[in-house]
Amino acid sequence: MAKPAPIRRHHHITLCTGGAQEDYDFHTKVLSLKSVKKTALYDGDVPIYHLYYGNDLGEESTLVTTFPMRQSGRKARKGTGQIRTLSLSIPQSALGFWRTRLASHGLAVREASRFGERSLQFQHPCGIDYELVAIADDQRKPYSNGEVPAELAIRGTHGIVVSVREHETSSEFMTDGWSGRRVAEDGRFVRYALGDGTTGHIVDFMLEPELPQASWTYGEGIVHHCAFQVDDYTAQDQVKFRLEGLGFTDTSERKDRGYFDSIYVRTPAGALFEATVSKPGGMTVDERIDQLGTSFQVPPPFRHRTAELMAYLEPLRY
Ligand SMILES: [Fe+2]
């Protein structure tokens, strides 16, 4: 039997948030992430911003991306069968700094612990649950020019928490189809590790059988999907064929997302996962390294409607 397909680590996590300015200020000012790309969602006929935040180069596993949905008027429902929490990695020495900083920006902050890791829990202004998790030895380079000094700054994604009604169907998916190892349990939580199992390689599932099924649409107030890095098209094809062979046939064709190529799979619990191949050059395919994120990039599906797109999208100050 073939070895499990090579899902490496997180690539990016994508949220459906509220207003574009509110989202931009929250990520760039409060969380001190770099705006590495400003573009629009490639899908659908109504333009929606797609804002990317991360480190200096927008490298894999540092990226948080958002679709600010308020202009569309579309709301989403939280519930089970959905990624409920986005966890980001900070240095252990920065926990106190961040507690004070978040509170000074008016956020309600709660200290928590899971799998022996200390964290700060709070919410994006649109209501999405965030955690900053204290990690001892995260080698990823943070944004070097943000409001927060680099030695205290967010390093990238740590993990996600997926809300589920039961654990077993997700266990089959994660271990047989998604290269994961079931490594620990903690109360209602089961943890899976990818790759070397360190920060940026973690998927937690949380048992919440009492909740209704969450919405799948693009709509304000939810995590939309989590993307995971694969090395190349061969590995991506291997993931798709393996999933389909296991019976997980709700798997998309390869889609060109400008900066990477993606396949999407609806996991058995309902959460949307993506297996992603970065393009050579990554975020620099349409902007120079020293100009990343400084100007709006019209996505190819909207190029014939550029004037209409620019007239429609809500103003964004940056
Ligand atoms: Fe994505």
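Numbering of ligands and ligand atoms starts at 1, following listing order. Computed over heavy atoms, backbone and side chain alike; hydrogens, waters and symmetry mates excluded. Quantities reported herein were computed from a predicted structural model and do not represent experimental measurements.
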Check E274 and report its N/O/S atom nearest to the Fe ion (ligand 1), by atom name. OE1
With a 4.5 Å cut-off on side-chain heavy atoms, are T276 and H12 touching? yes
With a cut-off of 2.8 Å, does any N, O or S atom of H225 fall short of it relative to the Fe ion (ligand 1)? yes
Check whether any side-chain heavy atom of V203 sits under 4.5 Å from a side-chain heavy atom of V162, and report yes or no. yes
Contact flag H12/the Fe ion (ligand 1), N/O/S atoms, threshold under 2.8 Å: yes
Using the side-chain hydrogen bond (donor to acceptor under 3.5 Å, both in side chains) rule, take D23 and H124 through it: C-alpha gap first, then chi angles, then the decisive distance, then the call. CA-CA 8 Å; D23 182 76; H124 184 290; 2.8 Å; yes
Is there any salt bridge (charged side-chain N to carboxylate O under 4.0 Å, His left out) pair reaching into residues 265-280, and which pairs are they, with sequence neighbours excluded? D256-K279
